[in-house]
**Q** 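The structure that follows is given in the form of structure tokens.
Hydrogens, waters and symmetry mates play no part in the numbers below; they use all other heavy atoms, side chains included. Everything quoted here is computed from the prediction, not taken from an experiment. By convention in this document, chain letters (A, B, ...) are assigned in the order of the sequence lines, proteins followed by strands, and residues within each chain are numbered from 1.
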Amino acid sequence: MGAGRLGVPMERHGRAADTSASSAGESAPEGPDGQQRELLRRRASSASEPPVGSSASASAEGIRRSRPGSYSGAPSASRQRVESLRKKRQLFPWFGLDIGGTLVKLVYFEPKDITAEEEEEEVESLKSIRKYLTSNVAYGSTGIRDVHLELKDLTLCGRKGNLHFIRFPTHDMPAFIQMGRDKNFSSLHTVFCATGGGAYKFEQDFLTIGDLQLCKLDELDCLIKGILYIDSVGFNGRSQCYYFENPADAEKCQKLPFDLKNPYPLLLVNIGSGVSILAVYSKDNYKRVTGTSLGGGTFFGLCCLLTGCSTFEEALEMASRGDSTKVDKLVRDIYGGDYERFGLPGWAVASSFGNMISKEKREAVSKEDLARATLITITNNIGSIARMCALNEGYFGAVGALLELLKIP
Amino acid sequence: MLEADLTSGGSLTKLAYYSTVQHKVARVRSFENSGRDAEQEHEPPYEVSVQEEVTARLHFVKFENTYIEACLDFIKDHLVHTETKVIQATGGGAYKFKDLIEEKLRLKVDKEDVMTCLIKGCNFVLKNIPHEAFVYQKDSDPEFRFQTNHPNIFPYLLVNIGSGVSIVKVETEDRFEWVGGSSIGGGTFWGLGALLTKTKKFDELLHLASKGQHTNVDMLVQDVYGGAHQTLGLSGNLIASSFGKSATADKEFSKEDMAKSLLHMISNDIGQLACLHAKLHCLDRVYFGGFFIRGHPATMRTITYSINFFSKVPPRPRPAPGASLLPCARHPNQYSWGENYAGSSGLMSSSPELCPAQRARSGTFDLLEMDRLERPLVNLPLLLDPSSYVPDTVDLTDDALARKYWLTCFEEALDGVVKRAVASQPGCVDAAERAEKFRQKYWRKLQTLRHQPFAYGTLTVRSLLDTREHCLNEFNFPDPYSKVKQKENGVALKCFPRVIRGLDALGWEERQLALVKGLLAGNVFDWGAKAVSDVLESDPQFGFEEAKMKLQERPWLVDSYSKWLQRLKGPPHKCALIFADNSGIDVILGVFPFVRELLSRGTEVILACNSGPALNDVTYCESLIVAERIAAMDPVVHSALKEERLLLMQTGSSSPCLDLSRLDKGLAVLVRERGADLVVIEGMGRAVHTNYYAALRCESLKLAVLKNSWLAERLGGRLFSVIFKYEVPAE
């Protein structure tokens, strides 16, 4: 999630070396490439890493060994076996975690091609996690599985299965960690790959409470990899990237798929609590252009204050029913019609919430209207900034081309 | 009143009206029998009278839209003796309030395009009000740095923050292009703020914001990353998500905190958009205007912060607060205007803590007045670099020590000024009362300046002096020194022949030094110094000699006299431009003999005097009479005047100081025509408080006697130390 990156332009790769975890952090969960294997080898030989075992006893030993500096013995037989397995692929469960400012997004790969042998070997805790996650759509009072997003029959890293998308508020993170402890996650010795600011914020809690070592990954790296991956697999056969044709015309407006086959350069606007805007030149060449603090968190936050709603869904639902023109001051409210000098149509918003300076109008609006106006304000603004960035990037491209020209002898 | 323009935007109505104001001016006139009265010992040399004069003044008034009716009543009250049939109005309100305006005022509403007006207004302000535009630097002392008027203001990006935001690229006087905008503007702050805090007034919202902590409402980087932001090289205080905490934390938020968060959100957003547009259009000058900015350091602060943050190579953010008050400026190039310090409310008039009295009317009522000057003001063509020329030697907003001293100095001198003002109008029954009002007004301004040095723009000795003059004028003391000057001129004229005879008796080299000493001695006379005035009245000739005795012996504090003497041995200058200082002994026994010597050498002389009165400085009108009287006594001056080798000109100013970037156009034209190659500036006000570091394209002579011990000490000298600065530009 894009929170926490407001206007901090920096080279991703320059920062990657800051922590050991992210120095190897180029590997997203889906990539069984050499790099990841290398990572795992290094981890396995590192004394501070919890060795992966498949039995409870081994796990208990692993916990002890995982204490920094406490491991001194030779690798056990089970450990060697695990390592040989790991060279092939990561052990289940496969999780990806993005801990943002407002929401935690958990992606879980549910293998559907489990052999009888595997099933037999599968430890109880793993089984119970799988059951728990896949048989529920809500977890606790705030966790939600977005069933409609589930990607079915996916082949990931040689395994077939479904990809589940689960989210819960970041402020419930302590409960999640506690659950991990209760369900004895650490015994699974899975690598918990996490990104987002929370990967840093909660790293210590994961370790001390849940006995889990997080593999922290750069959120923007993950974002781009994730987008490209999701696009490549499609959404159950349909493209996940789309655009609106005739957006200003309610009747003609339609959602059409957009082909991302040859997408570069592209501007990626990631709207989390805040907004990050990246210019992506190729799969692994991108930079953060800018960001804004007016993002999803602002929409939700303002809606909470203005309408007393308590969930994001509620806020969105209210917004869908409201009329923002009662709240906003439109061009026609000021000019009586279009402002032709600048080609501004009368329906354009001249001042967001501009009508709310009047007491009568404040009293005449509904919560839905306010939610709608908040949504329009935030989305228009993001659109406006993104457009400016795109234009500016356009010039950068031209400048780059010019520089290339000058290189020609 | 001739013309009134109205901008009724979404939230505030701004009214600009052009009026003719009657005020008293001092006039001097030669007696009909001027040829004879030289023999009459006790006759004054000329007549002084106070007349009513009508001058043009631009007034700028701001109202909240709710007060539109009061505003219209205000206009109506001021629409006396008018032949106006049409009122120009712009902004959205021009459409909305059209009927109301037409009914109330019985004037036809002529709608004008708001942007065209805005741009004209902005250009007008940038050109006419020195220091109207300023750079705001957070946490620096001072927080405001005012910009001097740039000769070339184009191209620039104008970000006008009204209810919404308009971003306009201005390329020339009348070529501009709307490049973008945003609906998140002042109206959003106000409207959303009213919803969140139940606070109805814009100024109150800003006040709330000034007391809030946005970190209680906003989600910061450190809230997302925990303590790790440090190791990641992120600044933890950055806002990750505006109002982000109000979504996740289940608690009540204080009004102050929410207002602050809102202010940050909107200012940051505007700053970011401005940066993106500036970058796209390759503009490095961005001016901010509109009611969201005007007079609100809080918004300026946050926008500047935002600009600095979002521009990796920071452009120069230049909030132009005046723009908001300028709905329309017609004929922008035909006249020059000067801000009337007496009638303008200060930059922070809306700051409730500092001035509760002003607070009551702020928000509903803000004033800026500009007087039309008779003729356009331009740069002295001889300035080496007009764009970097700063008239003032010390920026008192910058220099706390100097500021303290001068404010005290002006406070202490106030009683004397009041006395002088009363004495100047002996027959007037209400003089004492008006003088007292003057005292109170100027005292208040000084007190405001103590707390907010930047309240009226850059604070300099010049602005303090000018403000005093404006305040005196406001209470109908157009020229408190008129009688004194009259008397002193009469006395000095009588001494003129004797002084000339004495000079002519000297050898060439002795004479050159005597002439320079004469220039300096004339400058010693300060009517504040009682001893000097006593001596003067009893024996003027002795007084002049006495003054010479007081002068520091050579070498002077700054002494390039030898270099000057060497230069005089060379070929004559083609044309000298001399800025005269005081009336009486200074101009008659100091400047004129010096002028006469230059004329004898074959140098043409332009003698530039103030257009209007300031202290005991010689005015242009007085100089005409004085020259005429001297011509009657001296054939050199007589023939030079006749042959136009000696030209008397007005500076366009009524200040005891001198701003070489705002000189009368006629003077500038003449300077160019005659090919002036020497500029002589005399007196503390013109050569020390201002222009001490002014670099010219030709030779220059800056002379002054330091009559202020504090300043003398600061410059490393003592009371009556002499500045003789002769400069030749580097090749």
**Q** Highest number of heavy-atom pairs under 4.5 Å with chain A: which of Gly185(B), Ser261(B), Ser183(B), Gly193(B)?
**A**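 Highest number of heavy-atom pairs under 4.5 Å: Ser183(B).
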
**Q** Which one, Thr374(A), Val349(A), Val365(A), Leu370(A), leads in non-hydrogen pairs under 4.5 Å with chain B?
**A**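 Greatest number of close heavy-atom pairs with chain B: Val349(A).
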
**Q** Any luck finding a side-chain donor-acceptor pair between Asp218(B) and His214(B) under 3.5 Å?
**A**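 Distance-only check passes for Asp218(B) and His214(B).
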
**Q** Using a cut-off of under 4.5 Å on heavy-atom pairs, state which of Ser242(B), Gly164(B), Gly180(B) scores highest against chain A.
**A** Ser242(B)

**Q** Using distance alone, with no hydrogens and no angle criterion, decide if Thr195(A) and Asp98(A) have a side-chain donor and acceptor under 3.5 Å apart.
**A**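 Side-chain D/A pair, Thr195(A) to Asp98(A): absent.
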
**Q** Side chains of Asn381(A) and Asp269(B) only: does a donor on one sit below 3.5 Å from an acceptor on the other?
**A**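 Checked: Asn381(A)/Asp269(B) side chains pair up, N/O donor to acceptor below 3.5 Å.
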
**Q** Would you say the side-chain atoms of Asp369(A) and Ser366(A) include a donor-acceptor pair closer than 3.5 Å?
**A**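 Yes.
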
**Q** Gly198(A), Gly301(A), Ala348(A), Ser351(A): which one forms the most heavy-atom pairs within less than 4.5 Å of chain B?
**A** Ser351(A)

**Q** Counting only heavy atoms closer than 4.5 Å, note whether His277(B) contacts chain A via side chain, backbone, both or neither.
**A** both

**Q** Side chain, backbone, both or neither: which part of Leu192(B) has an atom under 4.5 Å from a heavy atom of chain A?
**A** both

**Q** Which atoms form the tightest heavy-atom contact between Gly295(A) and Ile382(A), and what is the distance?
**A**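 It is CA-CD1, 4.4 Å.
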
**Q** Taking Asp328(A), Asn355(A), Leu305(A) one by one, which has the highest count of heavy-atom pairs under 4.5 Å against chain B?
**A** Leu305(A)

**Q** Ring-plane angle category for Trp190(B) and Phe202(B), please: parallel below 30°, perpendicular beyond 60°, tilted otherwise.
**A** tilted

